[in-house]
Amino acid sequence: VGIVGAGQLARMTLEAASALGVEATVLAARRSDAAALVCPRVVHGSPDDADALAELARRCDVLTFDHEQVDPGLLVPLLAGVAVRPEPAALGLSVDKAHCRRTLRDAGIPQPVFSVLDGADPLEQADAFAAGVGWPVVLKAATGGYDGKGVWIVDGRAEAAEVIEHAGALGVTLLVEAYIDIDAELAVQVARTPTGDQVAWPVVRTVQHDGVCREVLVPAGLPAEVTTEAEEIAGRVAHVVGASGVLAVELFWGGGRVTVNEIATRPHNSGHWTIEGASCSQFENHLRGVLGLPLGETTLRAPCVASVNVFGGADGTDPADRLADALSVPGAHVHLYGKAARPGRKLGHVTVLGTDPGAVRALAWEAAGLLGTAAPYGAIAEAT
Ligand code: ADP
């Protein structure tokens with residue numbers, strides 16, 4: 001398997017590849033990339049370098065991805081010599097939010113009301129849209145955004161004008177969405193083979209702060225009908241997208257509806273808990289899916305799982321220096337990605353399994369706190 005990109009997702013996929021005896025090669029833009037540090041087979045180059053992609057393809061049977069900052073057009077010429085999974089058309093949906101929204105709308109998948117601002121006067125278009133759904137509205141960059149970068153909640157024409165001017169200068173297409181009054185953000189991971197077998201892990205609750213996922217909680221603590229609806233929608237999305245390997249479907253529960261926020265055609269932060277928390281992890285099932293192998297079971301290994309992300313602290317402290325402290329927390333599964341510590345950079349995560357939702361969450365936060373990550377919002381009991 002060749003993996004385009006060498007971040008933490010590739011690094012965790014390599015662990016699963018090692019267990020299965022699958023030989024993996026990563027395409028790394030930098031020698032310090034999280035997966036490049038632990039993989040003996042590395043092609044050095046940028047994901048938009050056609051020659052580097054061709055070299056990676058030459059070395060493997062199946063090409064897959066650590067991120068979606070890839071031009072699907074560059075992959076098409078490779079199809080003669082290698083299986084690209086997910087296929088370029090499916091990958092294209094997670095590259096371009098406007099294309100994704102339109103495709104899911106045409107398939108009848110519930111989403112926030114949206115409009116793509118590709119007309120002659122995007123500001124007029126946004127203003128007319130807001131007149132229909134009411135301010136605030138959400139402006140999103142169709143391409144290139146991540147972790148809330150490229151998402152702006154704007155409360156009036158003047159604020160919208162600023163974002164639209166900024167995006168116009170960068171040549172980025174925007175879409176506008178109705179603002180959802182969110183009760184909970186959810187995610188479902190689905191694993192799928194090229195022939196359409198698919199399995200899904202239980203729906204999880206993701207807790208975001210400033211557009212960044214801080215923690216993932218299982219079970220999601222939702223009414224049974226919301227759980228069923230989220231899992232049913234995610235299954236349909238995987239089919240519509242034609243995913244191979246893991247597809248992450250991020251959803252909103254709000255305004256009395258479950259709607260799709262966005263998708264990622266790869267393993268995702270909202271599924272890291274599966275490494276210890278499920279019979280088969282998202283990383284192993286991604287490999288199984290892209291290789292067309294039988295998919296593993298997605299059942300929980302404990303009634304409750306909490307996974308908390310570790311970020312670089314404002315004081316520049318490296319969590320790796322505090323590993324001993326975190327490992328003293330009973331049941332804390334600590335993952336550090338080997339990335340250089342910088343304030344606010346996602347550097348790892350901690351997962352705890354147990355029987356009580358409050359207890360697993362408190363232990364995961366305790367370990368994350370010892371690694372230098374404090375909860376960014378008041379008492380952590382709030383979200384449970
Ligand atoms: P990214 O691709 O950067 O992760 P998202 O589309 O997931 O961006 O948006 C980031 C966050 O912005 C979401 O987690 C959610 O909190 C908020 N958000 C996005 N879309 C909406 C919406 N339509 N209504 C309300 N909040 C939204």
Side-chain angles (χ1 to χ4, degrees), residues 7-9 65-70 91-105 109-117 126 129-130 132-155 159-160 163 166-167 170 172-189 203-217 220 230 233-234 237 241 247-272 309 311 344-346 376-377 382-383:
Q8 62 259 26
L9 300 174
F65 306 89
D66 162 88
H67 58 69
E68 51 272 306
Q69 313 302 329
V70 184
L91 181 77
L93 292 170
S94 64
V95 171
D96 184 340
K97 289 184 182 184
H99 178 40
C100 183
R101 282 267 182 256
R102 285 171 164 151
T103 303
L104 297 184
R105 177 191 57 199
I109 303 289
Q111 308 186 88
V113 183
F114 75 96
S115 175
V116 180
L117 301 181
F129 180 87
V133 300
W135 298 98
V137 293
V138 184
L139 292 171
K140 291 187 178 181
T143 52
Y146 68 97
D147 277 355
K149 297 176 184 67
V151 175
W152 301 269
I153 296 168
V154 292
D155 201 3
E159 273 184 38
V163 175
H166 175 64
L170 297 174
V172 174
T173 300
L174 292 175
L175 54 156
V176 60
E177 293 180 7
Y179 176 80
I180 308 285
D181 195 6
I182 299 169
D183 293 313
E185 298 200 37
L186 314 174
V188 179
Q189 262 71 34
V203 60
V204 303
R205 179 185 291 226
T206 62
V207 184
Q208 321 270 334
H209 184 76
D210 288 342
V212 181
C213 178
R214 301 290 161 161
E215 52 179 322
V216 177
L217 306 172
I233 290 171
V237 170
V241 168
L247 174 82
V249 183
E250 293 185 81
L251 306 117
F252 298 135
W253 162 237
R257 298 175 68 211
V258 178
T259 48
V260 171
N261 174 25
E262 64 171 346
I263 64 163
T265 50
R266 53 166 170 76
H268 189 260
N269 192 169
S270 55
H272 292 355
N309 283 335
F311 295 88
R345 193 178 195 202
K346 203 183 286 175
Y377 28 77
E382 271 168 30

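In listed order, ligands and their atoms are each counted from 1.
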Heavy atoms, side chains only, cut-off 4.5 Å: are [X] and [Y] in contact?
| X | Y | value |
| --- | --- | --- |
| Val249 | Val260 | yes |
| Asp155 | Tyr179 | no |
| Val237 | Leu247 | yes |
| Lys97 | Glu262 | yes |

Counting both backbone and side chain atoms, is some N or O of [X] under 3.5 Å from an N or O of ligand 1?
| X | answer |
| --- | --- |
| Pro112 | no |
| Tyr179 | no |
| Glu185 | yes |

Quick check: does any side chain N or O of Asp210 sit under 3.5 Å from a backbone N or O of Val212, one acting as donor and the other as acceptor?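 Pair absent, no side-chain N/O of Asp210 close to backbone of Val212.
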Keeping Asn261 on the side-chain end and Leu251 on the backbone end, is there a donor-acceptor pair under 3.5 Å? no
Starting from [atom], what is the nearest protein heavy atom, named by residue and atom, and what distance separates them?
| atom | result |
| --- | --- |
| atom 4 (O) of ligand 1 | Glu262 OE2, 3.0 Å |
| atom 11 (C) of ligand 1 | Gly211 CA, 4.3 Å |
| atom 3 (O) of ligand 1 | Gly148 N, 2.6 Å |
| atom 27 (C) of ligand 1 | Phe252 CZ, 3.8 Å |
| atom 26 (N) of ligand 1 | Ile182 CD1, 3.5 Å |
| atom 6 (O) of ligand 1 | Lys140 NZ, 2.9 Å |
| atom 24 (N) of ligand 1 | Ile180 N, 2.9 Å |

Give the atom numbers and elements of ligand 1 that come within less than 4.0 Å of a heavy atom of Lys97.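 Listed by number with element: 1 (P), 2 (O), 5 (P), 6 (O), 8 (O).
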Atom indices of ligand 1, in the order listed, that fall short of 4.0 Å to a heavy atom of Ala178: 22 (C), 23 (N), 24 (N)
With a 4.0 Å cut-off, would you call Glu185 and Arg205 a salt bridge?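 Salt bridge absent between Glu185 and Arg205.
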For ligand 1, is Gly254 a contact, meaning one of its heavy atoms is under 4.0 Å away?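 It does not; every heavy atom stays at 4.0 Å or beyond.
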Phe114 touching ligand 1 at heavy-atom level, < 4.0 angstrom: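 Under 4.0 Å: no for Phe114.
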Verify atom 21 (C) of ligand 1: protein non-hydrogen atom under 4.0 angstrom away: yes
Return the CD to OG1 distance between Glu68 and Thr265, rounded to the nearest 0.5 Å. 6.0 Å
Minimum heavy-atom separation for Phe114 and Arg102, please, with both atom names.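 What the structure gives for the nearest pair is CZ-N, 3.8 Å.
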Please compare Val151, Val113, Leu175, Val176 and report which has the shortest non-hydrogen distance to atom 10 (C) of ligand 1. Val151
Looking just at side-chain N and O atoms, do Arg101 and Gln111 make a donor-acceptor pair shorter than 3.5 Å?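 Yes - a donor-acceptor pair under 3.5 Å links their side chains.
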